[in-house]
Structure formats: C-alpha cells, structure tokens
Amino acid sequence: MGASGLLYWISVGLLLGSVWVIAVNGKFPGPVINVTTNYNVVVNVRNKLDENLLMTWSGIQMRRSSWQDGVLGTNCPIPPKWNWTYQFQVKDQIGSFFYYPSLNMQRASGGFGPFIVTNRNIIPLPFNTPDGDIVIMIGDWYTRNHTALRTALDGGRGLGMPDGVLINGKGPYRYNTTLVPDGIEHETINVDPGKTYRIRVHNVGVSTCLNFRIQSHNLLLAETEGYYTSQQNYTSLDIHVGQSYSFLVTMDQNASSDYYIVASARFVNESLWQRVTGVAVLHYSNSKGNAAGALPDPPNDVYDPSYSLNQAMSIRQNVSASGARPNPQGSFHYGSINVTDTYMLKSLPPVMIGGKLRATYNGISFINPDTPIRLADVYKVKGDYKLDFPNMPLNRTPIVDRSIINATYKGFIEIILQNNDTVVQTFHLDGYSFFVVGMGYGEWTENNRGSYNRWDAISRSTVQVFAGGWTAVYVSLDNVGVWNLRTENLDRWYLGQETYMRIINPEDTANKTELPPPDNASENLISVDSARTLTNLCSSATGIYASTVIFVLS
C-alpha cells in the first residue's frame, strides 16, 4: 500500500467452542494491526454479529478526527451484515494499544486485538533493539457471554466472580490439579536463551485488576500506552482493566525447566478467588522440563492498596527519550502551566434510578443521544444533548441524562477522579493522553495539590482510581472534537458511568483544527428531506453503510 498507508479488512463474527466468543477474521484474540507512526490506516469492519457493532481504538488519539473514534457519541452503529470503513492517521504516536468492540459489553466475549505503532527508522528507541516482539492479552473471563452478563445487569444484579483469567484467549496451564481440570488448552510463549524481548501486555478484561509476573524473570518497564517510561525493574506489576504496558525481558535463566507466566486477580478475597488466575508457560528453546511447583508469589497486600498505589506513582516519564510525547504550550514543563479549569468526576456504587440499576459520574447516569454529538452539530439537530455537565458533584438525587462537558479549546485542565465506589476503577479519556500527577486515599482536597508530581509524571490514556481514593490528571485540550470520558470497567460503563467532552474551535472556518465529517458518514445525510424532523440521523440514513467502499490512501 506504499509508505504512507495500510489497509486492513476486519470481519467480526462468532465462533462456537465450549463457549461463544467474538472472533476477528476468525481469530480470538484478533490479529495484530501493526503500523508506523504518522501512517494512514484504513480498516474496513464487516459486522457478522446479530446486533449493532462499533470498534474503538483504545489510546489512538484520532487527531482532529473524532469521527473515527468508534463510540456511540461519535459514530452511528454498524448494523448486522453491514460494513463501515474507518480511516485515520496515527499522528505523532508510538507504542502499545489495542482495539475492541465498544457497544453492549461485547468485549466480555472477545472482539479485541493488539494495535502496535512503531517508530520511524529515523527516531531511535531509548533502548537496544529487542530480539523479538511478543503480545500478551490478559483478562478476567466469564463463561456466560456478553448478552447473559447484560441480562444480569438489566435485572439489577452484579456480575459475580469471573470464571477465570485468559492469557491470549486460552485457559490456565494445569499448575494445580485440584483447581485446574485436565484438557484445557494453555498459551505457550517460545523464547531463546540469552535474548531480550519486548513483551506488550494488555488487560482486556471486564472489571478485574490483574497482577502480571513471570517466574524468576525481571520486568524492565519501558513504555505504557504510547509513552516511554524511565526504565526500572519490577518483579510484578498490577495492570488494571484497559491498561497496556511494554516490558523488556531478558531470558537470562537456566533451562532446567519452563517458567510460569501468571496473571492473578487483585484486591479480592484471595482464598475465594484462587481459581481466577491465568497461567501460561514461558518455554526456552533448550528447556529440559515442564514448569512445576508453586506459582511465583503475588504482592502480599490482599486488602491494602498502598503497595499498588506507590508502584503506580513510581512509573515516571522518560523525559530524555526521542519520539512522540505531550508538549502543551511549547513546554515540557507541564507543572508550570496555569490550570484553566478543574473538573471533579465522582463515582458511587450503582443505584436504582427509575427502576433500573445505573452507575453515575457526579450523580448523572449517561444515556447516548439518538444522533452522534458532532453530527448533531453539523446537521443542527436540536435537543440531542445538553452542555450542562457539572464540573463538581452536586448534592441531588441521581438522574439519567445526556449531559456532556462544554470544554474550552486550548485549555489546560485538571481532572480529579474521586472513586467512592467499592471497587477499583480505571478511567479512560479518548482523543488524548493525560499527565498522572497525583493519587491518594480519602476525599480529595485542594491541599492534595502539594503532593502532585510536576516534573516527570507519566502520560497515558487509562489510569486506575482505587476504591475510596482519588487520582488527579492534567490534560492539554488541543484536539478538537467530541471525546468520551468513561470507566473501563465494563459493568459500570454499561450502567452509564461515562460522559463526553465537547471541544470546539470557534475560529476554525477552514477545517484546520478539525477534519470535516468523512464521506461515508455524511454523503447520504445531505439528501434527507430537510422538511422532516431529524430525530435520529443514524436510523434516517442507514444506507451510508451499504455504499461501495473506496479506499483512498494519502
């Protein structure tokens, strides 16, 4: 496809094994999308499910083009048996990401796969070129599929304990004959002695934080969600739902046996959740035997997140590395930039609103508008959403609403994530990365600003917020569009814990800061009878998905 573009076809359908899973091009997990920074990417998605579908690209910033983001606030859903083409540039980004279906908890049944953005050759890596690249996708797993999980939530019930943890779509190695039955297929990672591999790990699960570790091997952290980190060794790392990390791992052990790769549940009753442990095998090419014995120990702090919080704040930005990184207002010294607005998003345990179980930010449980927000702007659909999301929690009865944040272009904002729920959550912001400047327990106060990291805080798109605690982030609002803010915990997201940030440049009259709607999102809308009230552009113009797909790469 030339040096400036890559074309992918993705067919999403169901495979039948012991349980139903959503496969991508017949694979579970789906195939790797591997591109080079600044390339143009064209992905044609064909929906073979029996329900609507959207694919989102977690951490890919879609610069100037929220039209391609793949969530209901920005895209019409792809109906069954139809297809739609995403076209976007991976502008000024590198690193480890993943894609997945964003609707109706479908990720709980699969549909996910790795998305890797590599450096151009002229940009050096801040470490020696690894001998190989390995992707590991971990996540909690329910044998009930996503429709059954939705039914439980719709009935006012929780999801309960997962049935296990998958590693690259496979069940645990039989490390314990009591906990793990015979005949389960497990993942094996093949390596050569003495070589160093870049191992990219993604937590694509439903709601469980997982501790990742490799028996007898150090994990040298190198990158997270598109940004190089200061390199430091960990024996294990807590990876929360939706997070991605790159480790450099050297195969420096002897080959008397294989080694365990473990992903085990965190912040739960360990004795009850023992079986919620994923185990794979690291196999040296000259290994002399199978992995055996006890699993390597997880951190010894079952109910106390102090260790995990301190570990999270130990992850720092590599401020001397070349390549993509945030540069607000022409300065890497983000700590000296004046904050223009502060938003606090407070989450509470789900409550009943109108007879339905709902989750909230600031007492508002979000329902998606009938028409994607920016399309509603372009085609002047009135009453589709409201620009009145409160910047602080309000003392009022929780409601269901379509409130979004009216943010200011070129602002530099502080977002306080206050988690008064009973579970660890992860917060994700589409279209951006943010500086993780602070994290702590209890209720956030202005005095907590004195503890912020104002020099080398890591920049990322997904961050954990511990139960009964807070996390503070800084964001430079330089990407025009409409961007989803959400929890990555699928149950809370499904129950309405999300909103959007609308960022408009009123001085842009020539599409310099925001691209126009793509042809395949608007070409059939202009012919809709203007005399008819447009309450739902998506359903009014479903023909946009049937048009001939033409790939134009620039």
Side-chain angles (χ1 to χ4, degrees), residues 58-59 61 92-97 126 220-234 237-240 242-247 305-345 411-419 424-441 444-466 469-479 485 488 501:
S58 186
Q61 293 180 8
D92 295 333
Q93 286 193 268
I94 54 88
S96 307
F97 311 96
L220 181 62
L221 182 62
E223 173 257 334
T224 178
E225 294 156 24
Y227 294 92
Y228 294 125
T229 67
S230 60
Q231 294 173 29
Q232 50 188 321
N233 278 308
Y234 296 88
L237 193 75
D238 288 342
I239 303 180
H240 298 263
Q243 291 186 330
S244 301
Y245 288 94
S246 281
F247 303 102
S306 300
Y307 174 87
S308 186
L309 187 151
N310 291 331
Q311 184 186 70
M313 293 308 296
S314 74
I315 300 171
R316 304 298 180 91
Q317 188 106 331
N318 185 338
V319 295
S320 63
S322 300
R325 60 178 178 174
N327 187 21
Q329 299 185 17
S331 170
F332 291 113
H333 302 295
Y334 65 88
S336 61
I337 300 173
N338 291 330
V339 171
T340 58
D341 291 288
T342 295
Y343 299 90
M344 176 180 282
L345 300 183
F412 188 75
I413 68 169
E414 175 188 42
I415 301 177
I416 310 299
L417 308 163
Q418 180 69 52
N419 181 10
V424 180
Q425 295 188 358
T426 47
F427 167 83
H428 178 86
L429 174 59
D430 283 353
Y432 288 95
S433 63
F434 44 71
F435 297 98
V436 183
V437 294
M439 195 177 291
Y441 306 113
W444 180 90
T445 70
E446 292 187 3
N447 291 334
N448 292 122
R449 291 193 177 112
S451 67
Y452 285 3
N453 176 358
R454 300 179 182 274
W455 169 244
D456 60 353
I458 189 61
S459 190
R460 61 188 314 165
S461 61
T462 309
V463 67
Q464 65 269 46
V465 194
F466 291 100
W470 57 270
T471 296
V473 303
Y474 284 164
V475 193
S476 177
L477 301 184
D478 60 350
N479 193 12
L485 299 83
E488 279 289 338
M501 186 179 294

State whether a side-chain donor-acceptor pair under 3.5 Å links [X] with [Y].
X    : Y    : answer
Q317 : Y334 : no
N310 : S308 : no
T462 : Q243 : no
S246 : E223 : yes
Y245 : T229 : no

Can you tell me how far apart [atom1] ([X]) and [atom2] ([Y]) are? Round to the nearest 0.5 Å.
X    : Y    : atom1 : atom2 : value
L417 : W470 : CG    : CH2   : 10.5 Å
L429 : I415 : CG    : CD1   : 6.0 Å
L221 : S230 : CG    : OG    : 7.5 Å
N419 : Y441 : CG    : OH    : 13.0 Å
M439 : N448 : CE    : CG    : 12.5 Å
R460 : T224 : CZ    : OG1   : 3.5 Å

Notebook entry, point to check: Out of S433, S459, S461, which one pairs with E225 under the side-chain contact (heavy atoms from CB on, under 4.5 Å) rule?
Noted result: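 Only match with E225 under side-chain contact (heavy atoms from CB on, under 4.5 Å): S461.
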Does [X] reach the side chain of [Y], with side-chain heavy atoms less than 4.5 Å apart?
X    : Y    : value
E446 : T342 : no
R454 : S336 : no
L477 : M501 : yes

Closest heavy-atom pair and its distance - [X], [Y]:
X    : Y    : answer
V436 : V473 : CA-CG1, 4.2 Å
Q231 : P126 : NE2-O, 2.9 Å
D341 : V339 : O-CG1, 3.3 Å
Y452 : A472 : OH-CB, 3.3 Å
Y228 : A321 : CD1-CB, 3.8 Å
D456 : R316 : OD1-NH1, 3.1 Å

Check: Under the criterion ring-ring contact (aromatic ring centres under 6.0 Å, His included), which of F412, Y432, F434 is the partner of Y474?
Finding: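 With Y474 as partner, F412, Y432, F434 yield a single ring-ring contact (aromatic ring centres under 6.0 Å, His included), made by F412.
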Check: Looking at residues at least two apart in the chain, or sitting in another chain, which of them share a ring-ring contact (aromatic ring centres under 6.0 Å, His included) with F466?
Finding: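 So F466 forms a ring-ring contact (aromatic ring centres under 6.0 Å, His included) with H240, F267.
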Next item on the list: Tell me, please, which residues at least two apart from Y234 pass side chain to side chain donor-acceptor pair (under 3.5 Å).
Entry: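 For Y234, the residues satisfying side chain to side chain donor-acceptor pair (under 3.5 Å) (neighbours in sequence not counted) are Q232, S314.
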Item checked: Derivation and outcome, side-chain contact (heavy atoms from CB on, under 4.5 Å), residues Q464 and D238 -> CA-CA 10 Å; Q464 65 269 46; D238 288 342; 5.9 Å; no
Check: Between Q418 and W444, is there a donor-acceptor pair closer than 3.5 Å when you use the side chain of the first and the backbone of the second?
Finding: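 The answer is yes, because a donor-acceptor pair under 3.5 Å joins these two groups.
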